[in-house]
Amino acid sequence: MSKILENLHRTLLAGVILAVIVFLIVNLQNFNGAAFWPTLVKWIHVWFGILWIGLLYYFNFVQIPSMPKIPDEQKPAIGKVIAPTALYYFRYAALGTVVFGLLTAYLSDYLHQAMSFQEGWRTIGIGMWLALIMAANVWFLIWPNQKRALGIVEADADTKKKSARIAMLVSRTNTMLSIPMLYCMVFQKIG
């Protein structure tokens with residue numbers, strides 16, 4: 001078992017295998033083949049969403065408040081190793097959440113109704129639009145500013161400081177938006 005858990009890829013594969021086993025146990029007897037793809041895509045959407053929001057909360061609850069407490073000689077470990085890796089997964093988790101969320105809505109035949117706030121679909125529609133705004137913030141505001149703040153791209157000291165502040169404020173905006181977005185996703189009545 002330790003050989004599985006010592007390697008992230010093996011751990012993830014084991015998790016997928018366990019999920020398939022649970023799916024088969026729960027659904028094999030009453031499985032409707034037409035529901036397979038929407039169910040699979042929704043599961044992937046939720047997984048990416050957990051990764052995205054988990055990293056968003058990590059940045060806002062752990063990394064940002066901890067940075068002033070870290071001695072200057074230790075900060076390069078965060079800025080050069082941990083933050084770029086976390087930001088990579090953060091960006092692609094946002095992308096995966098949006099892509100698989102839109103696919104879920106399309107395959108479940110409510111994409112147009114939700115995106116246009118039609119009666120009965122307003123809650124999920126608001127959640128979807130909030131998620132789209134948040135994903136745009138990740139890719140077009142947080143990431144470009146973080147690249148400058150972390151020195152991934154060249155920038156002078158003043159630009160780095162300003163970029164770090166902008167990235168933090170936009171990240172806090174996403175944290176704020178995540179609360180009503182999650183409400184909308186959880187409490188929409190579908191079907």
Minimum heavy-atom distance between N145 and R148, given as atom pair plus value: OD1-NH2, 2.8 Å

For R10, salt bridge (charged side-chain N to carboxylate O under 4.0 Å, His left out) partners two or more places apart: none

Side-chain contact, heavy-atom cut-off 4.5 Å: V16 with L12? no

Parallel, tilted or perpendicular, as decided by the 30° and 60° cut-offs, for the rings of W129 and F117: tilted

With side chain to side chain contact (heavy atoms under 4.5 Å, CB included) as the criterion, how do N174 and I142 come out once you've worked through the C-alpha distance, each side chain's angles and the decisive distance to 0.1 Å? CA-CA 10 Å; N174 274 8; I142 295 172; 4.0 Å; yes

Is a side-chain donor or acceptor of T85 paired with a backbone partner of V81 at a separation under 3.5 angstrom? yes

Reported CD1-to-SG distance for the pair I179 and C184, which is rounded to 0.5 angstrom: 12.5 Å

E73, CD: over 12 other non-hydrogen atoms inside 6.0 angstrom: yes

Should Q188 and R122 count as side-chain neighbours, where that means a heavy-atom distance under 4.5 Å? no

L177 and Y58: same hydrophobic cluster, using ILVMFWY side-chain contacts below 4.5 Å? yes

Work out which heavy atom in G127 is nearest to a heavy atom in M181; give both atom names and the distance. O-CG, 3.4 Å

Membership question, hydrophobic clusters at under 4.5 Å side-chain separation (ILVMFWY): are W47 and L8 in the same one? yes

Just say parallel, tilted or perpendicular for the rings of Y110 and W121, cut-offs at 30° and 60°. parallel

Can you label the angle between the Y92 ring and the Y88 ring as parallel, tilted or perpendicular, going by 30° and 60°? tilted

Nearest 0.5 Å please: distance from the OG1 atom of T11 over to the CD atom of E6. 9.0 Å

Separation between CG of L141 and CD1 of I166, rounded to the nearest 0.5 Å: 8.5 Å

Would you say the side chain of K80 lies within less than 4.5 Å of the side chain of L150, judging by non-hydrogen atoms? no

Pairwise side-chain contact, W52 with M134, heavy-atom cut-off 4.5 Å (strictly under): yes

Reported CG-to-CZ distance for the pair L95 and R91, which is rounded to 0.5 angstrom: 10.0 Å

Could I get the full list of salt bridge (charged side-chain N to carboxylate O under 4.0 Å, His left out) partners for K75, not counting sequence neighbours? D72

Looking at H9 and N7, what are the two nearest heavy atoms and their distance? N-OD1, 2.8 Å

Would you mind reporting whether V46 and W43 have side-chain heavy atoms less than 4.5 Å apart? no

Heavy-atom neighbours of Y57 OH exceed 12 at 6.0 Å: yes

Got more than 12 heavy atoms from elsewhere within 6.0 Å of CZ, R172? yes

From CA spacing to verdict: side chain to side chain contact (heavy atoms under 4.5 Å, CB included), I78, Q63: CA-CA 9 Å; I78 303 294; Q63 186 170 309; 3.9 Å; yes

According to a hydrophobic-cluster definition based on side-chain heavy atoms being under 4.5 Å apart (Ile, Leu, Val, Met, Phe, Trp, Tyr only), do F61 and L55 belong together? yes

How close do D158 and D156 get, heavy atom to heavy atom, and via which atoms? N-OD1, 3.0 Å

Any chance you could measure I53, atom CD1, to F90, atom CZ, to the nearest 0.5 Å? 7.5 Å

So, the side chain of T97 versus the backbone of F48: is there a donor-acceptor pair under 3.5 Å, distance only? yes

Got a donor-acceptor contact below 3.5 angstrom from the S171 side chain to the A167 backbone? no

Could you go through the side chain to side chain contact (heavy atoms under 4.5 Å, CB included) check for L132 and M115 one step at a time? CA-CA 11 Å; L132 288 170; M115 296 301 283; 3.4 Å; yes

If you take all heavy atoms of A105 and M128, which pair is closest and at what distance? CB-CE, 3.9 Å

Shortest non-hydrogen contact from A135 to V98? CB-CG2, 3.6 Å

Check: F59 and L87 side chains under 4.5 Å, non-hydrogen atoms: yes

Transitively linked via ILVMFWY side-chain contacts under 4.5 Å: Y89 with I50? no

Hey, quick one: are V186 and Y183 part of the same hydrophobic cluster, counting side-chain heavy atoms closer than 4.5 Å, chains of contacts allowed? yes

Could you tell me whether the side chain of P180 reaches within less than 4.5 Å of the side chain of L130, counting heavy atoms only? yes

Can you tell me how far CG of L56 sits from CG of N137, rounded to the nearest 0.5 angstrom? 10.5 Å

Just so I know, are the side chains of T39 and F23 near enough to count as touching, which here means a heavy-atom distance under 4.5 Å? yes

